[in-house]
Amino acid sequence: MITLLAKLLKVLNAETDPGQISAALCLAMFFAFMPLMTLQHLVLIFLVLVLRVNITGFILGWMVFSAVAFIIDPLLHAVGMAVLSGGVLEGFWSTLYDSGFWRLTGFNNTIVMGGFVTALVLAVPLYFLFNFLIRRYRQHFLAWIQKTRLAQMVKGSRIYAAYQTVSGWRSSV
């Protein structure tokens with residue numbers, strides 16, 4: 001648990017744009033809310049690798065949202081059942097299921113459909129919420145930490161200066 005917290009703080013303190021971390025968390029929510037290995041998972045992994053998102057944030061978000069998905073599993077099932085058995089769309093889903101391609105998505109599973117719809121509804125609001133929270137954290141809490149005597153002592157040490165030099169090498173490569 002302490003390692004997870006340390007990794008979370010490292011992601012939040014990184015010089016990564018908050019939008020990249022927020023996008024990673026939203027993609028992780030999609031990944032975690034759909035329990036089966038489906039075509040959507042391959043698309044999400046492709047998006048994580050192609051888009052400029054924070055991969056560590058994606059992995060941490062996946063772990064957290066997997067726990068959330070386990071807790072709200074009955075809700076995901078109910079949402080999926082409502083979407084799949086809705087009178088108007090029932091024929092549409094049957095037609096899609098008859099196609100081999102759409103069968104790969106696993107949308108006929110109530111948990112997969114419920115997780116996808118729930119993540120789709122929550123993605124945009126959570127993106128802006130995560131973005132806001134990360135910015136507020138960096139503006140207030142991180143700024144306060146950097147002003148403390150301990151942080152000033154660490155920044156003034158030779159070890160920190162050496163670290164800054166070495167970390168500068170990494171960004172110039």
With a 4.5 Å cut-off on side-chain heavy-atom distances among I, L, V, M, F, W and Y, is there a chain of contacts connecting [X] to [Y]?
{"X": "Leu39", "Y": "Trp102", "result": "yes"}
{"X": "Val53", "Y": "Met63", "result": "yes"}
{"X": "Val117", "Y": "Val43", "result": "yes"}
{"X": "Val121", "Y": "Phe128", "result": "no"}
{"X": "Leu122", "Y": "Val124", "result": "no"}

Is [Y] close to [X] at the side-chain level, that is, under 4.5 Å between some pair of heavy atoms?
{"X": "Met34", "Y": "Leu44", "answer": "yes"}
{"X": "Phe116", "Y": "Phe33", "answer": "no"}
{"X": "Asp73", "Y": "His77", "answer": "no"}

For the residue pair [X] and [Y], what are the closest heavy atoms and their distance?
{"X": "Ile111", "Y": "Pro35", "value": "CG2-CG, 3.3 Å"}
{"X": "Ser85", "Y": "Glu90", "value": "O-OE1, 3.8 Å"}
{"X": "Thr56", "Y": "Asn54", "value": "N-OD1, 3.1 Å"}
{"X": "Phe31", "Y": "Ile45", "value": "CE1-CG1, 3.8 Å"}
{"X": "Met113", "Y": "Leu84", "value": "CE-CD2, 3.9 Å"}
{"X": "Gly61", "Y": "Ala28", "value": "C-CB, 3.5 Å"}

Rounded distance [0.5 Å steps], [atom1] in [X] versus [atom2] in [Y]:
{"X": "Thr105", "Y": "His41", "atom1": "OG1", "atom2": "NE2", "answer": "12.0 Å"}
{"X": "Ile55", "Y": "Leu49", "atom1": "CD1", "atom2": "CG", "answer": "5.5 Å"}
{"X": "Gln40", "Y": "Leu47", "atom1": "CD", "atom2": "CG", "answer": "12.0 Å"}
{"X": "Leu129", "Y": "Leu25", "atom1": "CG", "atom2": "CG", "answer": "10.5 Å"}
{"X": "Asn108", "Y": "Tyr97", "atom1": "CG", "atom2": "OH", "answer": "5.0 Å"}
{"X": "Leu96", "Y": "Phe92", "atom1": "CG", "atom2": "CZ", "answer": "4.0 Å"}

Keeping the roles fixed (side chain from Trp93, backbone from Phe107), state whether a donor-acceptor pair exists under 3.5 Å.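 Not a single qualifying donor-acceptor pair exists.
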Hey, does the side chain of Thr118 reach the backbone of Gly115 with a donor-acceptor pair shorter than 3.5 angstrom?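 No.
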